[in-house]
Amino acid sequence: MQHQDYNRQLLHRRLNTIAVFIAVTFGVLVVRLWQLQVLQGAYYALRAENNRVRTIQLVAPRGTISDRHNMPLVENRSAFNILLYRESASDMEATSRFLVQKLGVKESDLAARLRRGRSIGLYRPVVIKEDVGIDDISVVEAFGREHAELQLGPEPRRFYRYGKLAAHVLGYVGEVSEEELSRESFSGTKPGDLVGKSGVERTYNSTLTGIDGTRQVLADSIGREVGFLEEIDAVVGGELQLTLDLGLQMTAEKLLENKVGAIVAMDPRNGEILAMASAPAFDPNNFSTRISEQEWNELVEDPNRPLQNRSIQNSYPPGSTFKLIVALAGLEQGQIRDDTRIFCRGSAAFYGRPFLCWFRKGHGFMELENAIQRSCNVYFYEIGRRLGISKIAEYGQLVGLGDGTGIDLPGEREGLMPTPEWKQLVRKTKWFAGETISVSIGQGAVSVTPLQLARAVGALATNGRLPQPHVFLRSNGAGPIPAVRQIRMLPISEEFSRKIREGMWASVNNFGTGHRAAVAGLDVCGKTGTVQVIGNEKKREAQKDPEIWEDHSWFVGFANKDDPEIVLAVFLEHGGKGGAAAAPLAQEMFRAYFSAKARREGKPWPNDQISEARR
Amino acid sequence: MRLDRRALLSFDWLWFLALLGLATAGLFAIWSATEGTGLDSYLGRQVLYLGAALVLFFLLLYFDYHLYTDYISFLYAAGLSALVLVLFVGKAVHSSKSWIPVGAFSFQPSELVKVLALIALAKYYSESERDHLDLQELMTGGLICLVPMALVVLQGDLGTAMTFVPIFVVLSFMGGLRRRHVLVALLVIAIASPLGWVMLKDYQRGRIQTVFNPANDPLHLGYQTIQSKIAIGSGRMLGKGFKQGSQSQLGFLPARQTDFVFAVLSEEKGFVGSTAALSLFLFVFFRLLKTAREAKDRVGAMLVTGVLSLLLFHVVINVGMVVGLLPIAGIPLPFVSAGGSSLISSFAAMSLCMNVRMRRYVN
């Protein structure tokens with residue numbers, strides 16, 4: 001039998017040796033556990049209590065934003081928040097007292113922040129005060145031993161180098177809201193993170209947002225740092241370069257000083273926004289720290305609505321600038337030719353109602369070119385009548401009026417290109433033929449944003465190029481890169497658009513309504529617009545309050561006539577006559593643009609002396 | 001008949017329940033240590049592995065253990081091939097390239113080869129006719145362990161490689177050692193160890209030095225030992241309670257679901273819990289000793305002793321490391337630590353021993 005083959009006794013002896021070995025080693029282990037857990041248990045319990053990993057958030061700076069010539073527009077400055085590590089606060093009352101007395105924290109504010117902090121877990125700090133000044137910093141530093149539960153947490157803040165400049169385009173940042181957190185476009189953000197709230201800060205938030213880092217340190221039970229575990233560096237967000245031209249933007253902002261209105265300058269060839277100003281504006285620096293309720297209310301309740309980007313977020317009747325579209329429709333539809341003559345005697349009757357020309361004495365016989373040049377109402381009433389509202393609307397929509405342009409800025413308004421169908425649907429009434437006559441000169445229900453109008457005029461300037469306007473030029477960062485910009489080619493005849501351009505040229509350069517936009521040495525083409533806010537009779541009654549009754553003032557135009565590279569829309573709310581109020585601003589814009597261009601190219605700009613002399 | 005009635009009746013339920021108890025304690029410790037940390041997939045996987053391990057346990061019981069010892073040369077060769085393979089296609093985890101990816105899981109052949117080498121050595125020594133091994137037998141036995149050990153060293157997994165040493169030492173002891181062989185071996189070790197010290201990598205040297213003076217560099221090498229001791233010690237007599245251990249919950253404990261799982265258990269269950277776990281191990285060891293004593297034949301006794309040596313080494317090294325008595329080595333606590341390869345090979349080894357126990361009677 002196999003089991004007898006070996007010496008069982010010897011085996012048992014050897015196994016006994018092993019048993020003794022096992023007993024001894026286990027004895028050692030149990031004694032060791034007794035030593036650690038029972039004899040020294042109190043000591044280790046204290047050490048465990050003192051053992052706290054403190055994770056310090058290293059907030060990643062957002063990417064910088066610069067203009068098309070790499071001039072910095074938005075940067076970051078270093079700033080500190082006061083953080084409270086609640087698990088280290090042994091005496092919360094003493095801490096509160098200290099915060100209120102030495103650091104000027106309001107008791108109610110402190111209570112609110114602590115209440116909000118309950119949801120974030122005990123081992124994460126609560127922000128007690130943001131973006132503190134040097135005084136608070138030194139207090140926290142000086143009391144570092146007594147109040148180790150209070151720490152300074154670095155958080156870079158947005159710095160808008162030029163304050164209000166291009167505020168509506170750049171936008172501002174703010175703490176992410178509950179509602180935004182649940183949205184996919186803000187995936188990866190945590191409560192308390194700063195995110196873009198408007199402008200490109202919002203559109204390109206994911207490009208601009210960096211990746212936060214962390215530093216883990218060991219802290220003892222009262223919160224003092226006793227060791228360093230690891231650090232993961234923050235990754236700065238992607239840099240953004242905009243199509244804006246800082247110099248031109250500055251000019252636009254300066255021209256709008258103490259006014260209410262908007263100036264948009266775009267390259268009609270590709271849709272790049274060169275300048276986009278809206279007045280009044282706000283200073284986004286005020287938002288880079290948590291904005292106070294009072295400041296916010298002031299901004300929101302200001303009747304001039306400084307937060308609104310008038311270039312895209314509000315729409316207005318286009319006034320006489322719309323005559324360009326009516327002219328295009330008339331030519332394309334064969335209702336007129338450039339030599340079609342219409343007699344203006346200062347007014348005309350349609351459907352039993354008189355419609356006035358702004359020039360009461362009458363323009364006499366008008367052809368297309370001088371009708372545009374002198375902005376004759378009667379001429380365009382007649383074309384409008386011949387076309388009918390549907391055809392007018394068709395061409396308005398063709399050049400992008402009453403519809404979003406797709407610009408890469410949030411909150412764009414669509415405006416309105418009215419049709420009988422629209423009126424039936426929305427206002428539940430029939431379209432009156434008389435309304436068509438009003439729309440023919442850009443009054444009535446038709447309403448456009450300055451950007452839409454600039455783009456439409458750009459299409460006339462370029463024989464039908466209708467680009468998607470944008471402020472994004474390039475970025476070095478991650479995040480979504482905007483889809484390829486499409487440029488639509490409109491089916492409009494080169495001959496007809498040239499005819500309209502002739503009229504626009506004459507308006508500026510041949511003693512037309514737009515003559516104040518003329519710049520020596522340039523072939524500026526343009527069209528003025530004056531929008532009646534209230535009827536003529538009421539206007540007389542309301543003389544006392546010009547803020548309300550004064551006309552809106554428009555100028556749209558481009559330069560140069562044969563090689564357009566900039567198209568402008570100038571809009572002044574209650575600014576008065578387009579030719580008097582808006583056209584001179586356009587003149588300054590064209591001058592600024594072309595003189596800067598000449599300087600960059602090292603060419604002389606002879607007009608400088610001329611314009612100096614003129615002043 | 002492969003399993004007769006008598007064998008079935010000899011199934012040792014207490015032993016088996018002790019193993020299940022250890023595995024369950026492990027599951028709870030893993031659960032506590034990983035919840036809400038992004039490591040939470042560990043628990044689910046461990047349950048899966050436990051299921052697989054139990055299936056294998058009973059599957060292996062079905063066949064007489066002589067089947068395994070008879071074919072061990074093939075199995076051993078296959079194991080070595082797997083170790084060679086891992087050198088080429090292996091996946092590195094923590095600087096050791098010892099894993100073969102299998103679908104979503106990874107498999108560590110070295111865990112299995114430990115058991116295969118043990119069977120091979122048990123089989124070889126049991127064929128010796130005398131009460132003491134001669135030099136040639138010792139050399140051959142050494143080679144059986146040394147070849148896989150060298151391959152594991154090449155993977156960079158020194159901790160696992162070390163496990164071949166106790167298998168060789170204990171089985172040789174069981175086979176019968178002559179005094180002069182022991183003296184020569186001790187002499188060789190005395191001469192070779194300074195050389196070995198030089199050959200160790202810096203981090204390995206550091207780990208050994210740290211045992212003697214953990215406070216020396218508390219945030220690097222000694223850090224793990226200190227945090228582990230704080231975890232265990234702060235558990236005190238009754239422990240802090242399930243999921244209440246601040247050391248493990250706050251992430252102070254390194255590798256808390258794997259190598260330091262005993263510290264999690266000790267922190268949350270206290271001295272009562274930690275000694276209870278050790279008692280379960282102790283119970284298993286004495287069951288193994290009993291099985292070796294009553295084994296039907298020499299190869300059975302050798303097998304069980306081999307498994308005993310392997311298991312004992314793991315438990316002592318792991319717990320010794322966690323309580324700060326031994327250097328930190330990447331050695332898991334069998335049945336308790338998270339990890340499929342370790343759990344499955346541990347249960348397979350136990351199955352072999354149960355096999356010997358169930359078939360201890362002469363038919």
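In the text below, chain A, chain B and the rest are named by the order of the sequence lines, each starting its count at 1.
- Residues Thr305(B) and Leu11(A) form no side-chain contact, since every pair of their non-hydrogen atoms from C-beta on lies 4.5 Å or further apart.
- For Lys290(B), the salt bridge (charged side-chain N to carboxylate O under 4.0 Å, His left out) criterion is met by Glu294(B), not counting sequence neighbours.
- Here the side chains of Tyr43(A) and Ile230(B) are not in contact, with every heavy-atom distance at 4.5 Å or above.
- No other option in Ser279(B), Gly176(B), Gly300(B) has as many heavy-atom pairs under 4.5 Å with chain A as Gly176(B).
- The shortest distance between side-chain heavy atoms of Leu278(B) and Leu33(A) falls below 4.5 Å.
- Residue contact with chain B, scored on non-hydrogen atoms closer than 4.5 Å, involves the side chain of Leu10(A) exclusively.
- The residue among Val28(A), Thr25(A), Thr17(A) with the most heavy atom pairs within less than 4.5 Å of chain B is Thr17(A).
- Under the salt bridge (charged side-chain N to carboxylate O under 4.0 Å, His left out) criterion, Asp91(A) pairs with no residue, sequence neighbours left out.
- Under a 3.5 Å cut-off, the side chain of Gln37(A) and the backbone N or O of Ile232(B) do form a donor-acceptor pair.
- The minimum heavy-atom distance between Phe286(B) and Ala19(A), with the atom names listed, is CE2-CB, 4.1 Å.
- For Phe242(B), the CZ atom sits in a packed shell: over 12 heavy atoms of surrounding residues, nucleotides or ligands are nearer than 6.0 Å.
- Residues meeting the salt bridge (charged side-chain N to carboxylate O under 4.0 Å, His left out) test with Arg32(A), sequence neighbours left out: none.
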ring-ring contact (aromatic ring centres under 6.0 Å, His included), that's the test. Do Phe26(A) and Phe285(B) meet it? Break it down for me. CA-CA 11 Å; Phe26(A) 270 67; Phe285(B) 288 136; 5.6 Å; yes
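- Proximity to chain A is absent for every atom of Leu288(B), based on heavy atoms less than 4.5 angstrom apart.
- We find the CG-OG distance between Leu46(A) and Ser234(B) to be 10.5 Å, quoted to the nearest 0.5 Å.
- For the atom pair Trp34(A) CH2 and Thr275(B) OG1, the distance stands at 9.5 Å (nearest 0.5 Å).
- Residues of residues 263-272 of chain B lying under 4.5 angstrom from chain A, judged on non-hydrogen atoms, are Ser266(B), Gly270(B), Phe271(B) in numerical order.
- Interface remark: of the candidates Arg236(B), Arg130(B), Met174(B), Arg236(B) forms the most heavy-atom pairs closer than 4.5 Å to chain A.
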Could you go step by step and tell me if Ile22(A) and Leu289(B) meet the side chain to side chain contact (heavy atoms under 4.5 Å, CB included) rule? CA-CA 10 Å; Ile22(A) 296 174; Leu289(B) 284 172; 4.0 Å; yes
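- Counting heavy-atom pairs under 4.5 Å between each of Ser128(B), Gly235(B), Ala231(B), Ser274(B) and chain A puts Ser274(B) at the top.
- Residue Lys296(B) comes nearest to Arg8(A) through the heavy atom pair O-NH2, 3.7 Å, listed as atom of the first residue, atom of the second, then distance.
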